[in-house]
Colleague: 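To start, I am sharing the structure in question, which I have written as structure tokens.
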Amino acid sequence: MDYFEALKTSNEAEAPHAAHSPLPLPSSHDVGAVINYIKHTCDDLYFTSDSDERVEVYQLSNAGLQALEADIDKLKLPSANDFAVFVAGDIAPTEEGFISEKRPVSWFFQRLCNQQIDDRQKRLAQSLKHAFSKLTEEPGTDLACYRVGIVPNIEVYVVMLIDGQVVGIRTLSVET
């Protein structure tokens, strides 16, 4: 076998591993490790609506956690309206056309996985979907998808309740 055949064989052998998240799935609910995993896995993912928007890591602020303490103490993520209060920013939830809703997490991941352009991105999206599912199997965890905003700019959040923290991903869905 010459150099180029060996190189080709080496690249083919590494391809499946390189296509998934560059980091192994965290074995515990260490929030820092989960955030690091999400950050590295969604680094090259885009959510397609009327525009292509990056998928990025999200963590609810300490102020938001304190305000949602009653829900989190029950080991449940809040209602769509309660969640919207903390992520809407300058937009008042009472404004005309304001949307705050919970969607099935499968709705988001089905769209995300089907929208990726190349096989590597599709496998990264599948890895992220698997991680969210796996990390929320144990008691004391929860998983939800929220849509918050005013058309045309709707922010989409897929978040987990892990170890008393709300972490996950966020993207923008431009809907005209």
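Values in this document were obtained by computation on a predicted structure and should not be read as measured data.
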Colleague: Does Q110 CD have over 12 foreign heavy atoms under 6.0 Å away?
Modeller: no
Colleague: Can you measure from CG (N153) to CG (D50) and round to the nearest 0.5 angstrom?
Modeller: 10.0 Å
Colleague: Please report the shortest heavy-atom distance between L25 and A131, naming the atom on each side.
Modeller: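 Closest heavy-atom pair between L25 and A131: CD1-CB, 3.3 Å.
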Colleague: Can you give me the closest heavy-atom contact between A33 and P26, atom names plus distance?
Modeller: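 Distance-wise, the nearest heavy atoms are O-CG, 3.7 Å.
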Colleague: Quick one: closest heavy-atom pair of Q126 and C113, and the distance?
Modeller: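 In this case the closest contact between Q126 and C113 is NE2-SG, 3.5 Å.
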Colleague: What distance separates I169 CD1 from Q59 CD, expressed to the nearest 0.5 Å?
Modeller: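 Interatomic distance, I169 CD1 to Q59 CD, rounded to 0.5 Å: 14.5 Å.
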Colleague: Give the minimum heavy-atom separation between P24 and Y37, together with the two atoms involved.
Modeller: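 Of all heavy-atom pairs spanning P24 and Y37, the closest is O-CD1, 3.4 Å.
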Colleague: Which pair of non-hydrogen atoms, one from Q116 and one from A125, has the smallest distance, and what is that distance?
Modeller: CG-CB, 4.1 Å
Colleague: Relative to each other, are the rings of Y157 and Y58 parallel, tilted or perpendicular (30° and 60° limits)?
Modeller: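 Correct class here is perpendicular.
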Colleague: Roughly how far, to the nearest 0.5 Å, is CD of Q121 from CZ of R123?
Modeller: 11.0 Å
Colleague: Could you state whether F132 and L135 fall into the same hydrophobic cluster, counting links through intermediate Ile, Leu, Val, Met, Phe, Trp or Tyr residues with side-chain heavy atoms under 4.5 angstrom apart?
Modeller: yes
Colleague: Please check: side-chain N/O of T41 versus main-chain N/O of I38, any donor-acceptor pairing under 3.5 Å?
Modeller: no
Colleague: Please say yes or no: joined through hydrophobic side-chain contacts below 4.5 Å, possibly via intermediate residues, are M160 and W107 part of one cluster?
Modeller: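 Yes: a chain of side-chain contacts under 4.5 Å links M160 to W107.
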Colleague: For residues V167 and L112: do they belong to one hydrophobic cluster (side chain heavy atoms under 4.5 Å, members Ile, Leu, Val, Met, Phe, Trp, Tyr)?
Modeller: yes
Colleague: Going by atom types alone, do S51 and E53 pair a side-chain donor with an acceptor below 3.5 Å?
Modeller: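 E53 and S51 do have a side-chain donor-acceptor pair below 3.5 Å.
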Colleague: Report yes or no: does S133 contribute a side-chain atom to a donor-acceptor pair with the main-chain N or O of K129 at less than 3.5 Å?
Modeller: no
Colleague: Does Y46 offer a backbone N or O that forms a donor-acceptor pair with the side chain of D52 under 3.5 Å?
Modeller: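 Checked: no pair found.
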Colleague: Going by the side chain to side chain contact (heavy atoms under 4.5 Å, CB included) test, name the single residue among V156, L77, N81, I99 that passes it with Y146.
Modeller: L77
Colleague: Does S173 use its side chain to pair, donor to acceptor, with the backbone of S49 at less than 3.5 Å?
Modeller: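 Checking the backbone N and O of S49 against the side chain of S173, no donor-acceptor pair under 3.5 Å is found.
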Colleague: Determine the minimum heavy-atom distance between T171 and F47, stating which atoms define it.
Modeller: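 For T171 versus F47, the nearest heavy atoms are OG1-CB, 3.4 Å.
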Colleague: Following the transitive rule for hydrophobic clusters with a side-chain heavy-atom cut-off under 4.5 Å over Ile, Leu, Val, Met, Phe, Trp and Tyr, establish whether L124 and V57 coincide in one cluster.
Modeller: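 Shared cluster, yes.
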Colleague: Should I154 and V148 be regarded as members of a common hydrophobic cluster, given that ILVMFWY residues are connected when their side-chain heavy atoms come within less than 4.5 Å of each other, either directly or indirectly?
Modeller: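 Different clusters.
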Colleague: Could you check if a side-chain atom of R147 sits within less than 4.5 angstrom of a side-chain atom of R103, using non-hydrogen atoms only?
Modeller: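 Yes - at least one pair of side-chain heavy atoms lies under 4.5 Å apart.
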Colleague: Nearest 0.5 Å, please: how far is CD in E96 from CD1 in I150?
Modeller: 9.0 Å
Colleague: Can you tell me how far NZ of K122 sits from OG of S127, rounded to the nearest 0.5 angstrom?
Modeller: 14.5 Å
Colleague: Apply the test side-chain contact (heavy atoms from CB on, under 4.5 Å) to residues V158 and L143: give CA-CA distance (whole Å), side-chain angles for both, the deciding distance (0.1 Å), then the verdict.
Modeller: CA-CA 7 Å; V158 178; L143 179 63; 4.2 Å; yes
Colleague: Pick out which of D43, N36, D44 makes a side chain to side chain donor-acceptor pair (under 3.5 Å) with H40.
Modeller: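 With H40 as partner, side chain to side chain donor-acceptor pair (under 3.5 Å) holds for just one option, N36.
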Colleague: Using modelled atom types and a 3.5 Å cut-off, is there a donor and acceptor pairing between side-chain atoms of Q165 and backbone atoms of L161?
Modeller: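 No, Q165 side chain to L161 backbone: no donor-acceptor pair under 3.5 Å.
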